[in-house]
Every structure is written in C-alpha cells, then in structure tokens.
Amino acid sequence: MMMWFARNARIQLIPMESPPKTISYSCLTTKFGQMMMGTTTVPFTVDSKDQVAICVLYFIDENVAKTYDEVRKRWPKSDLCKDDARIQLVADKLFGPDKENSEAIPVAILGSEFQLSVWRALVDLKSGETCTYSQLAERMGRPTAIRAVANAVAKNEVSILIPCHRIVSQNGASKYHWGAALKQQLLKFEKSDSY
DNA sequence: GCCTATCGTGATG
DNA sequence: CATCACGATAGGC
C-alpha cells in the first residue's frame, strides 16, 4: 500500500511576509495520486538559521505540465527550481509510519490576518473530524462571514497539510478544488481507520 | 429551486 | 482611495 502522511502529524504554520524568492519543487507518488510539492526556506524564530518549509502541495489531477502552470500562475514572482533530492528529503519526513510524537512539519503560508486565522482553525481539526463553513465562522467569532471563510479556505496552497477537505457545506454538497470525488475519498479514508 | 444577506479579496480606474 | 463583481454558504420562501 502506498504511503500516506501521518495521521496525527503536527503542522507548524509559519507566516511569510512576502512571496518566496525561490520554490524548490518536485513530484511525489502518494496513495491518492501524484502530487507536486514545493518548499522554500524561512528563518527560525529562535536563531537566525534557515529551515525548509513546505509552501505548495497540489494534487496533479491531469498532468505535471498543467499543475506546474497552476503553481507558476499562483507564484508569478518566485523562481521555480526542480529539486528532486530536497523534496524527497521532506517527503521522507512526512510520509511513512505514524509520526505522532515526532517534530512538527513546517508549513510556510502567505495571506491576510483573516486568511491566517481561517487556516489556523483548519489545522486544529483532527483526522476524521469535519466542520461546516458556518461552524468555522462561528469558531472564529465571525458568524456572518461565512462566504468570506469559504473564500479563505479555497485559497489554501497546501492541501492535506492544512486539511481544507474537512470543511463541508451544511447540506452535503461539499466542493473541492481538486474535485468533490477526491474530497469524499479523503474523508472516507480518514474515517475508516485504515492508516 | 429561486432570492437574498453577507464579507473578505482582487481587479479596475 | 472608491467601487464592483465574485464565491468551496446558508436560510427563507
């Protein structure tokens, strides 16, 4: 069985102040299909050393070229550098046996305060747990900003790691950037205890 | 099903 | 700046 990310992997969200200068990327084969991962380097908060953080994680739903174009379009000012070795290193940390007690996975994000708070709320959702857009809005203390929350959810660059698939609409309609079918698969898998 | 309230974004001038 | 159109929504009818 193809490896999948650890169920209770801890995600450390690191806000960026500007788009990454360079994004090192490569493709991965996962249980739910091919993905493209991109990383950048961000400064540690404690010392001045840099660390590698994931800033892009897209499903490749058609082909690599199309997904590359999506990344290119989202990050027009960043240099995209193919770097299989670096991505493999990160992937080895992310996938495999349950990493429940291991170190947090650094994820670099760029967005408004509102978007950051939505994404932080998403990361708090546990595997197998779902939440509606309106529940999320209420949790943020912005009960009427439902559409705004949905917009922010949709801007998530890092699928799976920021688990936007766990947000569902109140009548089960539930859209997803990479297709409602994949979203259902992910949810079913997370509820099935088949890690 | 259609209609409308709602609100952060991004585009546009 | 001001304005406008646009959603991965929800609720009323």
Side-chain angles (χ1 to χ4, degrees), chain A residues 4-5 7 9 11 13-21 23 28 30-38 40 42 53-63 66-80 105 107-192:
Chain A
W4 189 235
F5 74 105
R7 175 200 292 272
I11 303 299
L13 295 181
I14 305 168
M16 296 183 282
E17 40 202 53
S18 57
K21 189 172 186 307
I23 297 175
L28 306 168
T30 77
K31 179 177 175 56
F32 291 97
Q34 290 277 113
M35 302 185 81
M36 181 174 289
M37 177 187 286
T40 185
V42 294
I54 302 169
C55 57
V56 164
L57 189 58
Y58 289 15
F59 283 100
I60 298 173
D61 46 11
E62 284 185 37
N63 55 60
K66 186 192 165 211
T67 302
Y68 177 90
D69 286 344
E70 287 172 8
V71 177
R72 173 79 282 157
K73 197 173 171 190
R74 172 61 185 86
W75 301 102
K77 294 178 181 156
S78 305
D79 292 326
L80 303 185
I105 295 157
V107 171
I109 51 179
L110 179 66
S112 66
E113 272 311 309
F114 182 80
Q115 287 168 330
L116 295 187
S117 60
V118 169
W119 297 335
R120 282 192 275 257
L122 287 183
V123 167
D124 289 337
L125 293 174
K126 294 184 294 251
S127 178
E129 184 183 1
T130 59
C131 168
T132 65
Y133 294 92
S134 47
Q135 283 169 346
L136 194 68
E138 270 177 25
R139 263 171 225 189
M140 291 173 54
R142 306 292 308 280
T144 55
I146 305 168
R147 297 300 298 271
V149 164
N151 282 328
V153 169
K155 291 268 171 55
N156 173 31
E157 277 299 285
V158 183
S159 69
I160 309 303
L161 301 180
I162 293 178
C164 59
H165 59 282
R166 296 181 190 147
I167 305 297
V168 297
S169 50
Q170 215 157 260
N171 57 30
S174 212
K175 301 186 180 175
Y176 193 54
H177 184 82
W178 290 285
L182 177 56
K183 185 172 186 173
Q184 292 312 313
Q185 285 179 54
L186 290 167
L187 290 174
K188 185 181 171 193
F189 175 76
E190 291 189 341
K191 286 172 185 165
S192 75

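Chain identifiers are assigned alphabetically (A, B, ...) following the order of the sequence lines, protein sequences preceding nucleic acid strands; residue numbering begins at 1 within each chain.
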Nearest to the side chain of [X], heavy atoms from C-beta on, is which of [options]?
X: Q170(A); options: dG10(B), dG7(C), dG11(C); result: dG11(C)
X: T144(A); options: dT9(C), dC7(B), dG10(B); result: dC7(B)
X: V153(A); options: dA8(C), dA10(C), dG8(B); result: dA8(C)

Expressed in angstrom and rounded to an integer, what is the separation of [X] atom [atom1] from [N] atom [atom2]?
X: K155(A); N: dG7(C); atom1: NZ; atom2: P; result: 11 Å
X: Q115(A); N: dC7(B); atom1: CD; atom2: P; result: 17 Å
X: K183(A); N: dA8(C); atom1: NZ; atom2: P; result: 11 Å
X: Q135(A); N: dG11(C); atom1: CD; atom2: P; result: 10 Å
X: H177(A); N: dG7(C); atom1: NE2; atom2: P; result: 14 Å
X: R142(A); N: dA10(C); atom1: CZ; atom2: P; result: 16 Å
X: N151(A); N: dC4(C); atom1: CG; atom2: P; result: 19 Å
X: I167(A); N: dA8(C); atom1: CD1; atom2: C1'; result: 10 Å

So, does S169(A) use its side chain to make a donor-acceptor pair with the main chain of G172(A) at under 3.5 Å?
no
Okay, side chain of S78(A), backbone of P20(A): is any donor-acceptor separation there less than 3.5 Å?
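Looks like yes, one N/O pair under 3.5 Å.
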One thing to verify: whether [Y] and [X] come together as a salt bridge, which I'm taking to mean a side-chain N less than 4.0 angstrom from a carboxylate O.
X: K126(A); Y: E190(A); answer: no
X: E70(A); Y: R74(A); answer: no
X: D124(A); Y: R139(A); answer: no

For DNA chain C, the dot-bracket notation using Watson-Crick and G-U wobble pairs below 3.5 Å, [ ] for pseudoknot-type crossings and | for other-strand pairs, is |||||||.|||||
Please figure out whether S134(A) or A148(A) has its closest DNA chain C nucleotide nearer the 5' end.
A148(A)
Would you call the rings of Y58(A) and W178(A) parallel, tilted or perpendicular, taking 30° and 60° as the class edges?
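Tilted, since the angle between the ring planes falls between 30° and 60°.
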So what does A154(A) touch, heavy atoms closer than 4.0 Å: a base, only the sugar-phosphate, or nothing?
base
Touch check for S174(A), heavy atoms < 4.0 angstrom, all strands: base, sugar-phosphate only, or nothing?
nothing
On a plain distance test, is the side chain of Y133(A) in donor-acceptor contact with the base of dA10(C) below 3.5 Å?
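By the distance-only test, no, there is no pair.
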Please test L122(A) against C164(A) for side chain to side chain contact (heavy atoms under 4.5 Å, CB included), starting from the C-alpha separation and ending with a verdict.
CA-CA 7 Å; L122(A) 287 183; C164(A) 59; 4.1 Å; yes
Residue whose nearest DNA chain B nucleotide is more 5′ - F114(A) or R147(A):
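Nearest-nucleotide comparison on DNA chain B picks R147(A).
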Less than 4.0 angstrom between a side-chain N/O of S169(A) and OP1 or OP2 of dA8(C), yes or no?
no
